Amino acid sequence: MLTQVLTRVALVVALALVFSLAVFIGRDRLASLRTEWRPRLRQSAPAFALLLVILGLNRIMRQDGYDISQAYGVHMTEVFYSLEGDFVLLFRSIATPEVTTFFSVSYVYVYAFVLVFPVVAYFALSNTVVLRQLLTAYSLNYVIGLTFYLLVIAYGPRNVMIEGMDATHLYYANPEYIHLTTEVNQNRNVFPSLHTSLSATVAIFAYMTRDQYRAWFPVAVGLATSVIISTMYLGIHWAIDVVAGLVLAAVCVVLATQLVGRWSLSALLKRVQAAGQSTAASGPNREQGDDGA
């Protein structure tokens, strides 16, 4: 079942990417990408590598972090429930099978597309700074989010208000999605909402790059908003998780823009190569000096 769901998600995202390449990126940028992808990939490789390492660490800690959470984590489910009460049940007033389908699609398919497309779009820009900032912001979201998941034990509304969430529960309408969500997270890890923080990160970057991708900016904001609301409508996150996710997104974008460009791996390699060439060039002179002495 997991393979079927993943295949379906990959197909939908691939089709959406093909459509978006033509609509948002354009022929000229795609043409330049065909001839300049090697130097752009070389410049962005450290940021890609960092994100892959973080995702691998996230997978390991998701499997082995339970003992750490039980030893050091603080149980916050009752605190969150006492603070906001039945707020997320307000979405039941708009619940219909069609609305539930819309937010289920947003939570699974739109979320995957929202994360992938900006990587392609910013890779199509001649300057790789924005791409490296985005990848760094993704990594920071996962690092900080994972830290909170180890220290804050909290279950979502669907685990607390089971009867009240029946009309909007993701797994009642689409039980096959449980195979996918359990692969990427645990139900005790809801604070902060990474669906919210990563979607908001994409929306902020869409604002920052609105001069390059003017049409993408309003679309990104709309898609990110639908993903964020889906987390509460489907009973997966508290509103507190969503607010924390928005704050996390802002912090990660600021940190990423400050960090990227401060250190250049390519410049460091050039300095190492220059130092090596200088040493090689000075070798014979030193030998001549030794002979003269």
Side-chain angles (χ1 to χ4, degrees), residues 9 73-115 141 144-145 148-149 151-182 184-204 206-207 217-252:
V9 172
V74 179
H75 291 267
M76 295 294 289
T77 308
E78 293 184 1
V79 175
F80 291 166
Y81 190 28
S82 64
L83 287 174
E84 66 173 75
D86 297 336
F87 173 79
V88 296
L89 292 182
L90 291 176
F91 293 106
R92 287 199 63 184
S93 61
I94 62 170
T96 66
E98 292 77 17
V99 175
T100 300
T101 298
F102 172 79
F103 283 119
S104 297
V105 169
S106 296
Y107 188 81
V108 177
Y109 297 97
V110 173
Y111 176 64
F113 169 74
V114 160
L115 296 190
N141 270 283
I144 298 174
F148 274 103
Y149 289 163
L151 300 178
V152 178
I153 302 172
Y155 292 87
R158 70 185 191 277
N159 300 113
V160 177
M161 299 177 287
I162 297 176
E163 294 182 358
M165 299 300 304
D166 55 354
T168 60
H169 200 300
L170 174 66
Y171 305 134
Y172 284 148
N174 303 279
E176 70 274 17
Y177 290 150
I178 192 171
H179 300 285
L180 179 63
T181 57
T182 52
V184 299
N185 206 354
Q186 301 291 330
N187 61 355
R188 66 179 184 279
N189 299 334
V190 299
F191 181 87
S193 164
L194 281 182
H195 265 65
T196 296
S197 66
L198 288 166
S199 298
T201 296
V202 169
I204 295 172
Y207 173 78
F217 169 52
V219 174
V221 172
L223 295 179
T225 301
S226 71
V227 173
I228 292 169
I229 293 176
S230 75
T231 66
M232 293 181 288
Y233 177 89
L234 298 171
I236 296 171
H237 284 287
W238 306 96
I240 290 174
D241 307 329
V242 171
V243 173
L246 294 173
V247 174
L248 176 59
V251 170
C252 291

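The structure presented is a predicted model; accordingly, all values stated were derived computationally and were not measured.
- Ring geometry for F148 versus F191: interplanar angle over 60°, hence perpendicular rather than tilted (30 to 60°).
- Counting heavy atoms from C-beta outward, L194 and N189 have side chains that stay 4.5 Å or more apart.
- Closest approach of P157 and G235 over heavy atoms only: CD-O, 3.3 Å.
- Screening S106, S230, S199 for a side chain to side chain contact (heavy atoms under 4.5 Å, CB included) with Y111, the sole residue that qualifies is S199.
- Interatomic distance, CD1 of I240 versus OG of S193, reported as 13.0 Å (0.5 Å rounding).
- The line from CE of M76 to CD1 of I153 is 11.0 Å long, rounded to the nearest 0.5 Å.
- A side-chain donor-acceptor contact under 3.5 Å links E84 to the backbone of A239.
- In summary, of the residues considered (T100, V99, T101), a side chain to side chain contact (heavy atoms under 4.5 Å, CB included) with F103 occurs for V99 alone.
- For the pair H237/T196, no side-chain contact is recorded, criterion being any heavy-atom separation below 4.5 Å from C-beta on.
- Y109 and S104 are not linked by any side-chain donor-acceptor pair at a separation below 3.5 angstrom, with hydrogens and angles left out of the test.
- Of all the heavy atoms in G156 and V190, the pair that sits closest is N-CG1, 3.7 Å.
- Side-chain N or O atoms of W238 include none that pairs as donor or acceptor with a backbone N or O of G85 at under 3.5 Å.
- Y149 contributes a side-chain N or O that, together with a main-chain N or O of P192, makes up a donor-acceptor pair within less than 3.5 Å.
- In this structure, NE2 in H75 is found 12.5 Å from CZ in F80, a value given to the nearest 0.5 Å.
- Note: F91 and F87 have perpendicular aromatic rings, judged against thresholds of 30 and 60 degrees for the angle between ring planes.
- The side-chain heavy atoms of V88 and Y233, taken from C-beta on, include no pair separated by under 4.5 Å.
- No side-chain heavy atom of Y107 sits under 4.5 Å from any side-chain heavy atom of S226.
- L90 contributes atom CG, which lies 10.0 Å from atom CE of M232 (distance to the nearest 0.5 angstrom).
- A donor-acceptor pair shorter than 3.5 Å cannot be found between the side chains of D241 and T231.
- Separation of atoms CG (N141) and CG (L198) is listed at 4.5 Å; rounding is to 0.5 Å.
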